Amino acid sequence: MDDPEIHGTIESLVAEEHELWQRESAGAASDADRERLRDLKVSLDQCWDLLRQRRALREAGLDPDAAAARDANVVERYEQ
């Protein structure tokens with residue numbers, strides 16, 4: 001995936017996340033919606049991580065296409 005594709009994926013995931021948060025705030029969210037919200041958070045973290053990897057490789061003069069999505073267990077353990 002290149003940067004525009006990753007950004008497009010992020011925008012799509014964020015739109016879905018907002019929709020689910022609206023359901024949650026209205027008291028209409030199901031357990032499946034809450035599970036999907038957790039999954040979306042992980043997917044977003046993976047996408048942002050991939051963009052950071054690509055940027056770092058590009059700035060180092062390397063091929064950004066060498067970046068790869070990291071496992072959910074890896075990106076969820078990062079410290080903010």
Side-chain angles (χ1 to χ4, degrees):
M1 247 194 300
D2 62 11
D3 291 5
E5 288 175 306
I6 298 168
H7 282 288
T9 299
I10 289 170
E11 288 176 19
S12 175
L13 293 172
V14 166
E16 183 180 358
E17 182 183 48
H18 285 171
E19 180 184 319
L20 291 169
W21 277 118
Q22 286 176 340
R23 281 189 221 165
E24 181 69 29
S25 67
S30 66
D31 288 339
D33 291 336
R34 289 182 196 95
E35 179 67 27
R36 179 64 182 149
L37 273 169
R38 285 188 289 275
D39 293 343
L40 285 170
K41 177 189 177 300
V42 172
S43 294
L44 283 165
D45 288 347
Q46 287 174 308
C47 286
W48 285 113
D49 176 68
L50 183 56
L51 277 176
R52 285 189 292 274
Q53 286 182 63
R54 291 178 58 81
R55 185 177 305 126
L57 288 167
R58 192 176 294 114
E59 289 174 3
L62 301 171
D63 181 7
D65 290 333
R70 292 186 174 127
D71 185 75
N73 291 324
V74 173
V75 297
E76 291 307 294
R77 294 193 197 296
Y78 289 156
E79 291 191 27
Q80 301 289 325

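All values reported here derive from a predicted model rather than from experimental measurement.
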S.K.: Please round to the nearest 0.5 Å and tell me the distance separating atom CD of E17 and atom CG of D39.
M.R.: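 Those atoms lie 11.5 Å apart.
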
S.K.: Can you measure from CZ (R38) to OG (S43) and round to the nearest 0.5 angstrom?
M.R.: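 That separation rounds to 13.0 Å.
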
S.K.: For the hydrophobic clusters of this structure (ILVMFWY residues joined by side-chain heavy atoms under 4.5 Å, transitively), does one cluster hold both L40 and W48?
M.R.: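 Per the 4.5 Å side-chain linkage, L40 and W48 are co-clustered.
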
S.K.: Less than 4.5 Å apart, any side-chain heavy atom of V42 and any of Q46?
M.R.: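 Yes; the side chains approach each other to less than 4.5 Å.
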
S.K.: Would a single hydrophobic cluster contain both L57 and V75, if residues Ile, Leu, Val, Met, Phe, Trp and Tyr are joined by side-chain heavy-atom contacts under 4.5 Å?
M.R.: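 Different hydrophobic clusters.
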
S.K.: Can you give me the closest heavy-atom contact between A28 and D33, atom names plus distance?
M.R.: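 Smallest interatomic distance, heavy atoms only, reads O-OD2, 4.1 Å.
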
S.K.: Using the rule side chain to side chain donor-acceptor pair (under 3.5 Å), only one of D49, D3, D63 pairs with R54; which is it?
M.R.: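 Going through the options one by one, the only one that passes is D3.
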
S.K.: For A68, is there any backbone N or O sitting under 3.5 Å from a side-chain donor or acceptor partner on Q53?
M.R.: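 Flag set: sc Q53 to bb A68 pair under 3.5 Å.
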
S.K.: Closest approach of L50 and A67, non-hydrogen atoms and distance?
M.R.: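 The answer is CD1-CB, 3.7 Å.
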
S.K.: Run the numbers on K41 and D45 for side chain to side chain contact (heavy atoms under 4.5 Å, CB included), then give the verdict.
M.R.: CA-CA 6 Å; K41 177 189 177 300; D45 288 347; 3.2 Å; yes

S.K.: For residues 6-16, run the donor-acceptor check on the side chains, cut-off 3.5 Å, and write out each pair with its distance to 0.1 Å, sequence neighbours left out.
M.R.:
from : atom 1 : to  : atom 2 : distance (Å)
T9   : OG1    : E5  : O      : 3.0
E16  : OE1    : R36 : NH2    : 2.9
E16  : OE2    : R36 : NE     : 2.8

